[in-house]
S.K.: 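Here it is, the structure in full.
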2 protein chains.
Amino acid sequence: MTTYHHGDLPAALRAATVELIGEKGTSGFSLRQVARQAGVSHAAPAHHFGDVRGLLTAVAAEGYERLADEMSSAIDGVDDAKERLRRCGQAYIRIAFEYPGHFAVMLQRDLFDTEDEALLTASVRAYEALSGTIEMVRDQLNPNLDVDQAATFCWSAVQGLVILSPNLDSVAYHQDTKFTETAELVDSFCDFMINGFANTPTTP
Amino acid sequence: MTTYHHGDLPAALRAATVELIGEKGTSGFSLRQVARQAGVSHAAPAHHFGDVRGLLTAVAAEGYERLADEMSSAIDGVDDAKERLRRCGQAYIRIAFEYPGHFAVMLQRDLFDTEDEALLTASVRAYEALSGTIEMVRDQLNPNLDVDQAATFCWSAVQGLVILSPNLDSVAYHQDTKFTETAELVDSFCDFMINGFANTPTTP
DNA sequence: TGGTCGAGTTGGCACTGTCAAGTTTGCAGT
DNA sequence: ACTGCAAACTTGACAGTGCCAACTCGACCA
């Protein structure tokens, strides 16, 4: 059961990866450094992930799973469409700020295999938490709403904000103030989106 | 005037960079390969750009300049706020698809120096084309609109879409169909945004 | 007990970014 | 016209990188 030397080397390698990338970004990351940090030789990762792309694919998949979990539980039992959308947005940036290493990978689609099965199911699960919410918006606010268009819109906006957020002008460089600033922005995004969805008759 | 060997080596290096990145992404790019493609030795780029970060900063700045130019001229003389916003969005993705190499860099903020002067003035110029448009939206549709919030919203949404667009499910892999698909999506985004801006009373 | 196989190691290869030192080129000053 | 000099570029080196092949070790099963 346990991989004999390390308790769970794949997990340790993923952890080292996100720690490194969280600090230095995806460009300042190296497979050998990850191996060093996990206390194994430089060729050990290949045995579990094939190559660096495989490792980053696993990291991205892990990130999407955490995102899907957080979004699902955030909207669980909430019936009001508007509140539900707000919670989707908040869940997204909560995970983005809690797991910056994962997100740095996820947002760079040329770094990993977007066709990977585990990754796909996780990302679809996250997307469906949103699209299910948008269906409620349609049912409660605007029967003509194109759900896929609207969901893509929400996803794009929050994703774009996460990329932008390091450049938001918080006075202090505290991670905390930057988070609350972004969280407030997401709330206002949700207001715009909800009111847009409710008042857009049909897309031609 | 002319740099003696090459007519204009810095420009040639930028061109080689965006060509490479446009094909293989930012991860499959190397300084030495760029130098090879430009027909100079591997250390030549350092003389003009210092290091790889300097080169990518120049590329990003060039991209922002093209973006600012395109956006400015797209909205020039247009008085209707809604149409003007639509043109901003269309200009953005037009440049994003025309210069994928530039955008791949611009969207990865840890690759270049975001404090660079030329880059900052260009990106501010692009942003102001948008925020000026949002001011018109405020004047024509909703006096209570928070311009900065709304502009950040627009920027995030379109930027997020550009990142997402490679994963949109065009039947064919033609760059063209993917572009028109994205362009239509941007138009519907603009509808959502305009109607959201017009119908959001105040942000608390 | 012996065999097999997964997990991890070592060493090597081609490649990378950057630095130091050299070389070539154009040009300004006298 | 000659000299000096600085900019533009080259060459060579160094540590570091991803990946591949060959090896060793340990565990489990027949």
Side-chain angles (χ1 to χ4, degrees), chain A residues 1-60 101 104-105 108-113 116, chain B residues 1-60 101 104-105 108-113 116:
Chain A
M1 170 59 62
T2 58
T3 55
Y4 85 101
H5 234 158
H6 232 281
D8 187 356
L9 185 54
L13 291 171
R14 285 195 305 266
T17 301
V18 296
E19 186 180 337
L20 262 174
I21 293 183
E23 286 171 5
K24 305 185 183 178
T26 54
S27 50
F29 139 92
S30 97
L31 193 58
R32 286 170 111 107
Q33 207 170 341
V34 164
R36 248 174 277 145
Q37 185 152 338
V40 292
S41 78
H42 64 264
H47 259 266
H48 297 278
F49 299 104
D51 57 3
V52 61
R53 191 179 188 76
L55 173 57
L56 294 181
T57 301
V59 166
V105 178
Q108 259 243 293
R109 288 186 143 67
D110 62 316
L111 287 183
F112 58 90
D113 175 20
D116 178 80
Chain B
M1 169 58 64
T2 58
T3 54
Y4 85 99
H5 234 158
H6 232 281
D8 187 357
L9 184 53
L13 291 171
R14 286 195 303 265
T17 301
V18 296
E19 186 180 337
L20 263 174
I21 293 182
E23 285 171 7
K24 305 185 182 176
T26 54
S27 50
F29 139 92
S30 95
L31 193 58
R32 287 170 109 107
Q33 207 169 341
V34 164
R36 249 173 277 146
Q37 184 151 339
V40 292
S41 78
H42 65 265
H47 258 266
H48 297 279
F49 299 105
D51 57 4
V52 61
R53 191 178 189 76
L55 172 58
L56 293 180
T57 301
V59 166
V105 178
Q108 259 242 293
R109 290 188 143 64
D110 61 317
L111 287 183
F112 57 90
D113 176 20
D116 178 79

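Naming convention: chains lettered A, B, ... in sequence-line order (proteins, then strands); numbering from 1 in each chain.
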S.K.: Rounded to the nearest angstrom, tell me the gap between atom CD in A/Q33 and atom P in D/dT17.
M.R.: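 So the CD-P distance, A/Q33 to D/dT17, works out to 6 Å.
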S.K.: Could you give the side-chain donor-acceptor pairs of residues 39-46 of chain A under 3.5 Å, partners two or more places apart or in another chain?
M.R.:
none

S.K.: In terms of side-chain heavy atoms of A/A43, which of D/dC9, C/dG17, C/dT10 is nearest?
M.R.: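 Side chain of A/A43 sits closest to C/dT10.
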S.K.: Once you round it to whole Å, what is the distance between P of D/dT10 and CZ of B/R36?
M.R.: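 Atom CZ in B/R36 sits about 13 Å away from atom P in D/dT10.
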S.K.: How long is the line joining NZ of A/K24 and P of D/dG16, in whole Å?
M.R.: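 So the NZ-P distance, A/K24 to D/dG16, works out to 12 Å.
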S.K.: In chain order, what residues pass the side chain to side chain contact (heavy atoms under 4.5 Å, CB included) check against B/A58, with sequence neighbours excluded?
M.R.: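 Scan of B/A58 (side chain to side chain contact (heavy atoms under 4.5 Å, CB included), adjacent residues dropped) gives B/R14, B/F49.
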S.K.: Residues two or more places apart in sequence or in another chain: which of them pass side-chain hydrogen bond (donor to acceptor under 3.5 Å, both in side chains) with A/T26?
M.R.: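 Here the qualifying residues are B/Q108.
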S.K.: Residues in side-chain hydrogen bond (donor to acceptor under 3.5 Å, both in side chains) with B/E19, at least two apart?
M.R.: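 Result, side-chain hydrogen bond (donor to acceptor under 3.5 Å, both in side chains) vs B/E19: B/Q37.
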S.K.: Of the nucleotides C/dG8, D/dA13, D/dC19, which one has an atom closest to the side chain of A/S41?
M.R.: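 Per side-chain heavy atoms of A/S41, the pick is C/dG8.
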S.K.: Going by side-chain hydrogen bond (donor to acceptor under 3.5 Å, both in side chains), name the residues that satisfy it together with B/D113, two or more places apart in sequence or in a different chain.
M.R.: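 Listed in chain order: nothing, the list is empty.
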S.K.: Which whole-number value in Å describes the distance from B/F49 CZ to D/dC9 P?
M.R.: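 Result: 11 Å.
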S.K.: Once you round it to whole Å, what is the distance between C1' of D/dA8 and CG of B/D8?
M.R.: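 Interatomic distance, CG of B/D8 to C1' of D/dA8: 13 Å.
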S.K.: For residues A/I21 and A/L56, determine if any side-chain heavy atom of one lies less than 4.5 Å from a side-chain heavy atom of the other.
M.R.: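 The answer is yes; the side chains approach within 4.5 Å.
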S.K.: Which residue lies toward the 5' end of DNA chain D, B/H42 or B/H47, if each is placed at its nearest nucleotide?
M.R.: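 Going by which nucleotide is closer to the 5' end, it is B/H47.
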S.K.: Under a 4.0 Å heavy-atom cut-off, which of residues 51-60 of chain A touch DNA chain D?
M.R.: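 Residues of residues 51-60 of chain A that come under 4.0 Å of DNA chain D are, in numerical order, A/D51, A/V52.
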S.K.: Taking CZ from A/R32 and P from D/dG16, how many angstroms apart are they, rounded to a whole number?
M.R.: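 Spelled out: CZ on A/R32 to P on D/dG16 is 10 Å.
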S.K.: OP1 or OP2 of D/dC9 less than 4.0 angstrom from a side-chain nitrogen or oxygen of B/H48, does that happen here?
M.R.: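 Yes, because at least one side-chain N or O of B/H48 sits under 4.0 Å from OP1 or OP2 of D/dC9.
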S.K.: Which pair of heavy atoms, one from A/A35 and one from A/L13, lies closest together, and at what distance?
M.R.: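 That would be CA-CD2, 4.4 Å.
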S.K.: Just call it for B/S30: base, sugar-phosphate, or nothing, with non-hydrogen atoms closer than 4.0 Å on any strand.
M.R.: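 Touches sugar-phosphate only.
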